[in-house]
2 protein chains.
Amino acid sequence: MEISERKKRILAAVVDSYIESAEPVGSKTIAEKPGIDVSSATIRHELAELERLGYLEQPHTSAGRIPTPQGYRLYVNELMEQHKLTLEETEQINRSLNMKIQQLDHLMADVGQLTASLTSYPALALTAPAKCTISRFDLIYIDANTFIIVVLLSSNTVKNKLVHLPFSVEQGMIQKLAALFNAHFTGIADDEVTPLLISSVERAALDTMGLVSIIAGFAIEVLSETASSAYLTGTQNLLQLPEFRDPDKAHRLLNYLGDKEHLLSLPLPQSTGDVQVFIGPENVAEELKDSSVILASYDAGDNTRGLIGVVGPTRMDYANIAAKLGYIANGMSQLLSAGEKPPEGWGKLTLMQSNGEGSIGNGR
Amino acid sequence: MEISERKKRILAAVVDSYIESAEPVGSKTIAEKPGIDVSSATIRHELAELERLGYLEQPHTSAGRIPTPQGYRLYVNELMEQHKLTLEETEQINRSLNMKIQQLDHLMADVGQLTASLTSYPALALTAPAKCTISRFDLIYIDANTFIIVVLLSSNTVKNKLVHLPFSVEQGMIQKLAALFNAHFTGIADDEVTPLLISSVERAALDTMGLVSIIAGFAIEVLSETASSAYLTGTQNLLQLPEFRDPDKAHRLLNYLGDKEHLLSLPLPQSTGDVQVFIGPENVAEELKDSSVILASYDAGDNTRGLIGVVGPTRMDYANIAAKLGYIANGMSQLLSAGEKPPEGWGKLTLMQSNGEGSIGNGR
DNA sequence: GCTGGCACTCTCTATCTTCGAGTGCTAATT
DNA sequence: AATTAGCACTCGAAGATAGAGAGTGCCAGC
């Protein structure tokens, strides 16, 4: 059943007002809004209807209405206006992102921080790297007891490890090993590194004194490094929200979010700029059933997808937050995939127009 | 003026009881304790004395006593019993630490998590690396447009960077550059890398097409990388404490702790195993004036000192927490400096006896 | 179908009362 | 002189009561 245009306008007014004030909204408040030109009595009729339809509810008989998750959903899907970021906001984001080109690890933490401070909600930043292969081995001979393993990955990242030995090796041996590993260990996935493979390489190079297994061990470590990382920042923001004045409630949520496992089990949106909204009971996790989660995904270069998001009460400024997240995610994509290939362009994020076009998925 | 033995026993009883219950302690409660064999009236006399001396205070006239920071200080310095960790506890710590030998970055975050869960307080983990120099350059030629810079630091860590060029270079050039950098850029601190030095190197190698500045730039980045990192975990623990039931108070503290700058400005204890306690107003930061901070320092191998700690109300179980922090810090030291040199031993933390000897500094 | 009016409901706040834990003081005891 | 029992007193915490105000549903009239 389609609901009338007027009902929609009224619902939108209720949600807007409640998002702003966190107080149940009464018929009078709505009647006073511009664009609504009927009396409060009429509004009351409509509100009663909307309640019957499941979009609103009353905390108690003689209070105003607050939106139900279903109400928020309709709002997010159809009613809310596209939020335009101000020029200051976009510039602040651009500036912050440009400043923070460092190792991915720090970038992650920093962008989380940025998101938190920009939205005033607890923010999370995740990466879920795709599997990759080793494209090249180098062994750098330092001295008789020391060498460095340098591994170039198909994702164009470099990993290294310094190895000290309790015995000495010759430079020739190191070179021989490098050649061997380049021949046998490149281009293969982590599950192809079998004990069989290792022992066959070990046989090919005699007198390795266990070096093969050290290097192979590093290769496995690098390949299997499911370095999905998760950062949670701005948790203090939660405490300012009226719905989390109850320390126990705040504690429950933060306790849940504090566990990386939980964060990593969040659903990963697909395409860059896609902003997804999960409202209250739409969340799978029991602990999130009366909170909302907004997630935006970005392309982190080497086959990796990243995720930024915020967590808050169902009463969130969805339009605003979604726009901001979308913009940040786009910026990250540009930064990281720009850095992927060319040495130029890296480190400069050109001002995107804030189209905020991120399709607001329906989250179910 | 030295206070009597009995006063000390009574003060200790008050602190112990208050740490446990978070409620003001009355004379009757103390009189019932074993080891105290005087009547509550006598206790009241003594309590009044202790209050006059500044060790105790009353929230209001008709309530029990709670310790002042001065009272806690005396308790920590002289009265509290050495807390013995149970075998389970030490084994849990050992097991957790042994499991977490990964990159330092993750280790840091993980040990923070461990500390938080072990103590039930918000935990912090910091590193403050010492300055170091570059001991060796290697440039790995990949193809005409690509090479890897590998830098071995005096601290025995390795840093690398993959460089893509918009033009092509010959392998010979790369080798020449490596030799040049090894000749001029090794063994010097970051402030010795002057533009003068760079341009003189640039002149020595003709036709470098800007490569020198790329490599020098990386060298500077690596040297100046004041990679002091700070992790804060277990913030949710704060909310369970009765003294932080007030969301505003919790918010203020968490807001302060959320800023890395603030964490990094904490005083750094010197020697490994040294546990330092800062009680209430002993903290320099205004925001910590009614909280306590317990810090333990460890030797993180390559010239670096690490720090773990917890933050909580002045009412903390100092003995217990100090013992735990000391034990973890010792474990970290063993792990990290063990890993520094030999390839063996790395990854096995032998069971330390929990002497908990960490001198409890007087924090002023 | 919309509106003004009206009785009703229910929470929120302020004020008051009561209760009890804990104190300080005093007088008696060791 | 130190300790103890007894007692009046203080003050916050918790519960009870009353009033105010916001908002509702419904009805009669336009």
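Computed from a predicted model, the values in this text were never measured in an experiment. Just so we're on the same page: letters track the sequence lines, and every chain starts at 1.
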Footprint string (nucleotides 11-30 of chain D, 5' to 3'): B base within contact, S backbone only, - free, heavy atoms under 4.0 Å
BS----------SBBB----
Figure out the [atom1]/[atom2] separation between [X] and [N], and round it to whole Å.
X: Glu46(B); N: dT4(D); atom1: CD; atom2: C1'; result: 14 Å
X: Ile43(B); N: dA21(C); atom1: CD1; atom2: C1'; result: 17 Å
X: Arg6(A); N: dT3(C); atom1: CZ; atom2: C1'; result: 12 Å
X: Tyr18(B); N: dG22(C); atom1: OH; atom2: C1'; result: 16 Å
X: Leu50(B); N: dT23(C); atom1: CG; atom2: C1'; result: 15 Å
X: Ile36(A); N: dT3(C); atom1: CD1; atom2: P; result: 12 Å

Are the side chains of Val14(A) and Leu47(A) in touch, meaning some heavy atoms are under 4.5 Å apart?
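Side-chain contact under 4.5 Å: yes.
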Within the structure provided, determine whether Tyr121(B) and Ile294(B) are in side-chain contact (heavy-atom separation under 4.5 Å).
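Result no, sub-4.5 Å side-chain heavy-atom pair not found.
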Determine: side-chain N/O of Ser39(A) to OP1/OP2 of dT3(C), distance under 4.0 Å, yes or no.
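Ser39(A) to dT3(C) OP1/OP2: side-chain N or O found under 4.0 Å.
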Backbone N or O of Ala13(B) within a donor-acceptor pair of the Ser17(B) side chain at under 3.5 Å?
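Here the side-chain-to-backbone pair does not exist.
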Whether the side chain of Ser291(B) engages the backbone of Pro313(B) through a donor-acceptor N/O pair (distance < 3.5 Å, no angle test) should be reported.
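No, the answer is negative, given that no donor and acceptor are paired below the 3.5 Å cut-off.
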To the nearest 0.5 angstrom, please state how far the CZ atom of Phe244(B) sits from the CG atom of Leu253(B).
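The distance works out to 5.0 Å.
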Salt-bridge test for Lys324(B) and Glu89(B): reply yes if a basic N is under 4.0 Å from a carboxylate O, no otherwise.
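Salt bridge flag = yes for Glu89(B) with Lys324(B).
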